[in-house]
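No hydrogens, no waters, no symmetry mates; every other heavy atom, side chains included, goes into these values. For reference, positions follow the sequence shown, starting with 1.
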Amino acid sequence: TPAWFKDPEDEKSHLPLVIIETGGKVIGNSEKVDVHMKIVDNGPGNTNGFFDPGNVYDGHVGIEIRGQSSQMFPKKSYGFETRDAQGGENKVSLLGMPEHDDWVLYAPYSDKTMMRNDLSYYLGRRMLRWQPDARYVEVYLNGDYIGVYQLIERIKRGKDRVDINKLEKDDTSGDALTGGYIFKVDKVQDLSPYEYFTSVPTYGYRNARNYQFTYYYPKSEDIVNAQKSYLSNFITSFQNTLNGSGFKHPTNGYAKMIDIQSFIDFQIVNELSNNIDGYRYSTYFYKERDSKGGKLVAGPLWDFDLGY
């Protein structure tokens with residue numbers, strides 16, 4: 001047995017297994033390393049073992065440690081992309097979730113119930129639009145059992161995830177400029193100034209300037225200045241409308257700019273879960289093109305490990 005590999009016990013689980021073998025490579029947090037992953041799921045009522053064939057997935061993935069504060073935990077969360085043998089993208093369906101190449105192996109460490117995210121996404125899927133789907137799995141790393149994880153769909157633009165228009169670098173005018181965008185309110189202390197923006201509304205209100213918005217799609221390195229300006233102006237205009245005297249006007253008030261139902265549902269889940277991070281961190285929004293409605297939507301939901 002090579003030094004990096006520990007002989008596993010042949011224990012059986014009713015949960016699917018994710019088995020990662022790095023070939024001696026170390027998984028870090030700055031760039032993905034190419035490793036082998038096998039996912040075993042013999043179906044309801046059957047058990048899954050380490051030595052069973054990888055009947056869900058058996059191939060290359062690029063993997064890295066992910067998360068912000070969670071990187072310090074002894075149980076690490078991972079982000080991975082399914083790849084072909086040449087390192088190119090390999091879109092696959094995992095455990096019944098729609099095809100994609102971008103996934104999260106989330107370690108419920110600060111959440112000892114291991115259910116807070118799952119319950120929140122479950123509620124969200126019944127209230128809002130697309131929310132991340134998730135499956136419980138047990139994970140082995142180089143033969144070593146490392147615990148119960150959740151395999152989760154990552155928040156991404158796409159027909160089976162956040163279904164908004166693709167925004168190209170040359171979409172700098174007209175309807176094309178108006179969508180789609182995904183952005184979030186999150187921690188920015190480790191980000192460079194070009195990765196986020198602060199909205200300064202004309203109508204001030206308490207804590208109005210405490211919100212920094214992070215570019216998510218397009219990513220900060222891909223978004224062009226015309227798109228940055230459009231998004232920032234849209235947010236400021238919405239805040240001014242919301243805090244102006246005519247905010248309740250049925251056609252010119254805030255209702256014309258946001259999907260009200262999504263904001264109500266988003267607030268219900270955050271309040272019901274007593275989410276300490278609610279409205280401050282991991283708070284996502286997206287906006288489709290004006291020709292497709294163009295309203296600001298609250299969500300998708302993400303990261304409820306400190307809730308309830």
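- The neighbour count for Glu31 CD, taken as heavy atoms of other residues, nucleotides or ligands under 6.0 Å away, does not exceed 12.
- Side-chain contact check for Pro218 versus Glu168: every heavy-atom pair is 4.5 Å or farther apart.
- For Tyr286, the ring-ring contact (aromatic ring centres under 6.0 Å, His included) criterion is met by no residue, not counting sequence neighbours.
- With sequence neighbours excluded, the residues that form a side-chain contact (heavy atoms from CB on, under 4.5 Å) with Asp118 are Ala134, Tyr136, Gln150.
- No single ILVMFWY cluster, assembled from side-chain heavy atoms under 4.5 Å apart, contains both Tyr217 and Val224.
- For the residue pair Gln71 and Asn29, a side-chain donor N or O sits within less than 3.5 Å of a side-chain acceptor on the partner.
- For the atom pair Asp171 CG and Gln227 CD, the distance stands at 6.5 Å (nearest 0.5 Å).
- By the 30° and 60° cut-offs, the orientation of the rings of Phe238 relative to Phe263 is tilted.
- Rounding to the nearest 0.5 angstrom, the gap separating the NE2 atom in His36 from the CG atom in Asp58 is 4.0 Å.
- With rounding to the nearest 0.5 angstrom, the NZ atom of Lys187 is 5.5 Å from the OH atom of Tyr281.
- No side-chain N or O of Asn117 forms a donor-acceptor pair with one of Asp305 less than 3.5 Å apart.
- Between Asp102 and Arg161 there is no salt bridge, since no side-chain nitrogen of the basic residue lies less than 4.0 Å from a carboxylate oxygen of the acidic one.
- Environment of NZ in Lys248: sparse, with no more than 12 heavy atoms of neighbouring residues, nucleotides or ligands closer than 6.0 Å.
- Residues Val104 and Met37 fall into different hydrophobic clusters, defined by Ile, Leu, Val, Met, Phe, Trp and Tyr side chains chained together at heavy-atom separations under 4.5 Å.
- Rounding to the nearest 0.5 Å gives a distance of 5.0 Å between CG of Asn42 and CG of Asp52.
- In this structure, the side chains of Val137 and Leu17 stay at 4.5 Å or more apart for every pair of heavy atoms.
- Using modelled atom types and a 3.5 Å distance limit, the side chains of Asp41 and Asn55 yield no donor-acceptor pair.
- Tyr109 and Met114 end up in different hydrophobic clusters when Ile, Leu, Val, Met, Phe, Trp and Tyr side chains are linked at under 4.5 Å.
- Side-chain N or O atoms of Ser232 include none that pairs as donor or acceptor with a backbone N or O of Lys228 at under 3.5 Å.
- A side-chain donor-acceptor contact under 3.5 Å links Lys287 to the backbone of Thr178.
- In this structure, the side chain of Gln212 does not engage the main chain of Gln189 through any donor-acceptor pair within 3.5 Å.
- Residues Val61 and Ile19 do not share a hydrophobic cluster, clusters being chains of Ile/Leu/Val/Met/Phe/Trp/Tyr side chains in contact below 4.5 Å.
- Residues Ser120 and Ser273 have side chains that never bring a donor and an acceptor to within less than 3.5 angstrom of each other.
- Of all heavy-atom pairs between Ser220 and Glu195, the closest is OG-CG, 3.4 Å.
- Side-chain atoms of Asn48 and Ser13 include no donor-acceptor pair closer than 3.5 Å.
- Side-chain N or O atoms of Arg125 include none that pairs as donor or acceptor with a backbone N or O of Trp130 at under 3.5 Å.
- For Gln239 and Ser199, the side-chain atoms include at least one donor-acceptor pair closer than 3.5 Å.
- Looking at Asp101, its side chain never comes within 3.5 Å of a backbone N or O of Thr82 through a donor-acceptor pair.
- The shortest side-chain heavy-atom distance between Lys295 and Ile258 does not fall under the 4.5 Å cut-off.
- For the residue pair Ser93/Glu99, the side-chain donor-acceptor check at 3.5 Å is not satisfied.
- Within 6.0 Å of CD1 on Ile276 lie no more than 12 heavy atoms contributed by other residues, nucleotides or ligands.
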Test log, rule ring pair (Phe, Tyr, Trp, His ring centres under 6.0 Å), inputs Phe285 and Phe183: CA-CA 6 Å; Phe285 304 91; Phe183 58 101; 5.5 Å; yes
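- Within a 6.0 Å radius of CZ in Phe73, more than 12 heavy atoms belonging to other residues, nucleotides or ligands are found.
- With hydrogens and angles left out, the side-chain atoms of Asn46 and His14 include no donor and acceptor closer than 3.5 Å.
- The number of heavy-atom neighbours closer than 6.0 Å to CE of Met115, taken from other residues, nucleotides and ligands shown, is 12 or below.
- Checking Asp277 against Ser282 by side-chain atom types alone, no donor-acceptor pair falls below 3.5 Å.
- For the side chain to side chain contact (heavy atoms under 4.5 Å, CB included) criterion with Leu94, the lone passing option out of Val56, Val18, Asp133 is Val56.
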Salt bridge (Lys or Arg N to Asp or Glu O under 4.0 Å) between Arg66 and Glu64, worked out: CA-CA 6 Å; Arg66 73 178 306 281; Glu64 64 186 346; over 6 Å; no
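- Expressed to the nearest 0.5 Å, how far CD1 of Ile268 lies from CG of Leu123 amounts to 10.5 Å.
- Contact check for Glu21 versus Trp4: side-chain heavy atoms found under the 4.5 Å cut-off.
- Judged purely by atom type and a 3.5 angstrom limit, Tyr78 has no side-chain atom pairing as donor or acceptor with the backbone of Ala107.
- Using modelled atom types, one side-chain atom of Asp84 and one backbone atom of Gly88 make a donor-acceptor pair closer than 3.5 Å.
- The closest side-chain donor-acceptor pair between Lys6 and Asn142, if any, does not fall under 3.5 angstrom.
- The closest donor-acceptor contact from the side chain of Asn270 to the backbone of Phe266 lies under 3.5 Å.
- Using cut-offs of 30° and 60° on the angle between ring planes, the pair Tyr284 and Tyr216 is perpendicular.
- Asp144 contributes no side-chain N or O that, together with a main-chain N or O of Leu141, makes up a donor-acceptor pair within less than 3.5 Å.
- Ring centroids of Phe197 and Phe213 are separated by less than 6.0 Å, placing the two rings close together.
- Between Leu191 and Thr214, the closest side-chain pair of non-hydrogen atoms falls below 4.5 Å.
- With no hydrogens or angles considered, a side-chain donor-acceptor pair links Asn240 and Thr202 at under 3.5 Å.
- Taking a 6.0 Å sphere around NZ of Lys166, one finds it holds 12 or fewer heavy atoms contributed by other residues, nucleotides or ligands.
- With contacts defined as side-chain heavy-atom distances shorter than 4.5 Å, the pair Tyr215/Asp222 does not qualify.
- Side-chain atoms of Trp302 never come within 3.5 Å of backbone atoms of Gly299 as a donor-acceptor pair (strictly under, hydrogens ignored).
- Side chain to side chain, Tyr140 and Lys38 fail the donor-acceptor criterion of an N or O pair below 3.5 Å.
- Nearest heavy-atom pair, Ile260 versus Ala255, reported as atom, atom and distance to 0.1 Å: CD1-CB, 3.7 Å.
- The side-chain heavy atoms of Pro8 and Tyr145, taken from C-beta on, include no pair separated by under 4.5 Å.
- The distance from atom OH of Tyr57 to atom CD1 of Ile39, rounded to the nearest 0.5 Å, is 8.0 Å.
- Between Met257 and Thr241 the shortest heavy-atom distance is SD-OG1, 3.7 Å.
- A 4.5 Å side-chain heavy-atom check between Pro132 and Arg154 finds every atom pair outside the cut-off.
- Phe304 and Leu306 are members of different hydrophobic clusters when ILVMFWY side chains are connected at heavy-atom separations under 4.5 Å.
- Ring planes of Trp103 and Phe80: parallel class, angle under 30° (limits at 30 and 60°).
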